[in-house]
Amino acid sequence: MIFETHAHYEDERFDEDRDELLSSMHEHGIGTIVNVGASLDSVKKSISLASQYDFIYAAAGVHPSDISCLDEAAYSWLQEQVKHPKVVAVGEIGLDYYWDKEESIQKKQRSWFRKQLELAEKTGLPVIIHSRDAAEDTLAIMKEAYAKHITGVIHCFSYSAQLAEEYVRMGFYIGVGGVVTFKNAKKLKEVVSRIPLERILLETDCPYMAPEPYRGKRNSSLYLPYVVQKIAEIKGVSEQEVADITQQNAKSMYRL
Ligand code: NI
């Protein structure tokens, strides 16, 4: 069975067929799903989905592009949410300098990133990191997290193989999704070839990032076999081995 480590099924693009789609996961080889919150609303909806389906778990955290919703009250609410029995990670949290170029906003992002890492430190939960155009600052903050024994995944990894190896040395996982199937994804293919399979997690980030041959369409966990196939090809191992090992990786990180 495939373990989907990063999905957003609360997204309105699944309103039409959410239940039908989720009910068909097992028969298509998808065993477990972690639905990841990115805003206060999606955290609430992720926990509600996790409560509804036994094979779905939730992650609770606020995405760097959504931090304007955070204040002390929202943070204490979040602190309560991470105690829910089906919440298995704090995320997605991190830095996104692609959408926010202003220094004052970037500073706020760093502050809320550190504050949400404290939730992980207190609860012992792993973190799901979103990082875009912010390689240096993310690494610096994750080194602090590593020193505090926080574990986790750098999701939708978009940086160099060298940087991936640095995260792997600290015991973090690297999230790989549809992008690895794109023709122009040279960098991510190099990442996959250089890091051990034991450090890779499968993810879709659906409804975004559909793999070839569905690039640009609505993504879902049902397309993960295309990602498995590409990783197997790069690593020179069987698709079964990729599915099995990445499933073990996810179970061990999320402690399931
Ligand atoms: Ni995401």
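Since we're looking at a predicted model, the values are computed, not measured. The chain is numbered in sequence order, starting from 1. Atoms within a ligand are numbered from 1 in the order they appear, just like the ligands themselves.
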Identify which protein N/O/S atoms are less than 2.8 Å from the Ni ion (ligand 1).
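The answer is His6 NE2, His8 NE2, Glu92 OE2, Asp205 OD1.
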
Who pairs with Ala120 by side chain to side chain contact (heavy atoms under 4.5 Å, CB included), at least two apart in sequence or on another chain?
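For Ala120, the residues satisfying side chain to side chain contact (heavy atoms under 4.5 Å, CB included) (neighbours in sequence not counted) are Val90, Val127, Ile150.
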
Does the side chain of His149 pick up a donor-acceptor pair with the side chain of Glu121 at under 3.5 Å?
no

Consider only side-chain N and O atoms of Tyr254 and Asn249, and report whether a donor and an acceptor are under 3.5 Å apart.
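No pair is found: no donor N or O on one side chain lies under 3.5 Å from an acceptor on the other.
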
Is the His155 ring parallel, tilted or perpendicular to the His130 ring (thresholds 30°, 60°)?
tilted

Can you tell me which residue pairs pass the ring pair (Phe, Tyr, Trp, His ring centres under 6.0 Å) test with a partner in residues 168-199, sequence neighbours excluded?
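As it turns out, there is no ring pair (Phe, Tyr, Trp, His ring centres under 6.0 Å) pair with a partner in residues 168-199 once direct neighbours are skipped.
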
My understanding is that only residues two or more places apart in sequence, or in another chain, count here; which of them pass ring-ring contact (aromatic ring centres under 6.0 Å, His included) with His26?
Phe55

